[in-house]
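Below you'll find the structure, written out as structure tokens, and then a few comments.
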Amino acid sequence: MPGYSEFYFNVDHGYLEGLVRGFKGGILTSADYVNLAQCETLEDLKLHLQTTDYGNFLANETGPLTVSTIDEKLKTKLLTEFHYFRNHAFEPLATFLNFVTYSYMIDNVILLITGTLHQRPIAELVPKCHPLGSFEQMEAVSIASNPTELFNAILVDTPLAAFFQDCLSENDLDEMNIEIMRNKLYKASYLEAFYKFCEKQGGTTAEIMRPILEVRNIQSLFI
């Protein structure tokens with residue numbers, strides 16, 4: 001409707017943009033980090049964080065704090081916030097956020113395959129996976145007793161399947177080829193697809209993401 005376009009400005013992403021601006025305002029300041037560096041105990045650190053936008057993410061921890069507990073709670077907070085964003089995102093933002101998770105999914109898959117090659121129990125490996133890279137098929141990893149079964153049971157039906165098709169087959173899974181697979185997944189498949197997606201969006205997305213992905217592409221050579 002002529003003259004009313006301002007009513008529809010950012011109608012799809014305005015809510016999430018407001019949340020992002022709020023989170024940006026909650027980033028710890030230099031003064032916060034100075035105070036955290038002066039904390040003598042983890043309890044002191046907890047008390048200081050309660051005065052920031054991190055709020056009470058440790059409020060339910062009544063026992064002695066450990067570094068691993070803080071790390072776990074921070075990851076849980078990040079995961080909750082990321083999934084909230086993803087669940088409320090319209091395209092193409094939803095696909096962009098999916099691409100962010102694929103990097104962690106690749107790391108998790110490599111971890112699982114490498115672990116099974118070393119006869120490590122799957123139940124021991126899954127907790128070591130990054131939560132942002134979790135996927136539904138990970139719940140069924142207990143059926144995989146070797147790398148080949150892991151490949152067939154998990155990889156084929158995940159969003160990573162398109163990236164795997166030009167890498168290795170399940171018959172090539174050994175220690176040396178796992179490193180080749182990792183490099184191909186990042187450089188030739190995942191990063192290339194992400195780069196093309198950002199190029200297609202153009203504008204600020206392409207301007208900001210191109211140098212980031214180019215640097216990440218170089219870094220993938222040293223993984």
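Since this is a predicted model, take the numbers as computed values, not measurements. Only heavy atoms go into these numbers, but all of them, side chains included; no hydrogens, no water, no symmetry mates.
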Kindly give the heavy-atom pair with the smallest separation between Leu97 and Arg86, and that separation in Å. CD1-CA, 3.7 Å

Measure from the side-chain N and O atoms of Ser103 to the backbone N and O of Val100, and report whether any donor-acceptor pair falls under 3.5 Å. no

Between Ser134 and Asn108 the two heavy atoms that sit nearest each other are N-ND2, 3.8 Å

Measuring from Leu191:CG to Phe99:CZ, what's the distance to the nearest 0.5 Å? 10.0 Å

CG of Leu65 to NZ of Lys46, rounded to nearest 0.5 Å, is 5.5 Å

Contacts satisfying ring pair (Phe, Tyr, Trp, His ring centres under 6.0 Å) that involve residues 33-53 (not counting sequence neighbours) are none

Ring centres of Phe85 and Phe82 under 6.0 Å apart? no

Looking only at atom types and distance, does a side-chain atom of Asp71 sit under 3.5 Å from a main-chain N or O of Val67, one as donor and one as acceptor? no

Rounded to the nearest 0.5 Å, what's the gap from CG on Asn35 to OG1 on Thr52? Could you check? 11.0 Å

Tell me if the aromatic rings of Phe194 and Phe96 count as close, with their centers under 6.0 Å from one another. yes

Between OG1 on residue Thr76 and NZ on residue Lys73, distance to nearest 0.5 Å: 6.0 Å

Checking the side chain of Tyr195 only, and the main-chain atoms of Tyr190 only, is there a donor and an acceptor separated by less than 3.5 Å? no

Determine the minimum heavy-atom distance between Leu36 and Leu28, stating which atoms define it. CD1-CD1, 4.0 Å

For Thr66 versus Thr69, what's the shortest heavy-atom pair and its separation? OG1-OG1, 2.8 Å

Please find the pair of heavy atoms, one from His88 and one from Leu16, that lie closest to each other, and give the distance. O-CD1, 3.8 Å

Contacts of Lys196 that satisfy salt bridge (Lys or Arg N to Asp or Glu O under 4.0 Å) - sequence neighbours left out: Glu192

Treat each ILVMFWY residue as a node, draw an edge where side-chain heavy atoms are under 4.5 Å apart, and state whether Leu93 and Ile212 are in one component. yes

Would Glu91 and Thr95 count as having a side-chain donor-acceptor pair, cut-off 3.5 Å? yes

Ignoring hydrogens, what is the shortest heavy-atom contact between Cys198 and Ala206? Give both atom names and the distance. O-CB, 3.4 Å

Answer whether the closest heavy-atom distance between the side chains of Tyr102 and Asn98 falls below 4.5 Å. yes

With a 3.5 Å cut-off and no angle check, do the side chains of Asp32 and Thr29 form a donor-acceptor pair? yes

Side-chain touch Ile70/Leu45, heavy atoms, less than 4.5 angstrom: yes

Determine whether more than 12 heavy atoms belonging to other residues, nucleotides or ligands lie under 6.0 Å from atom NZ of Lys75. yes

CD (Glu40) with more than 12 external heavy atoms under 6.0 Å: no

Check for me, please, whether Tyr54 and Leu47 land in the same ILVMFWY cluster - side-chain distances under 4.5 Å, paths through other members count. no

Do the side chains of Cys129 and Leu111 get nearer than 4.5 Å, heavy atoms only? yes

Residue pairs passing the side chain to side chain donor-acceptor pair (under 3.5 Å) test with at least one member in residues 197-206, sequence neighbours excluded, are Glu199-Arg210

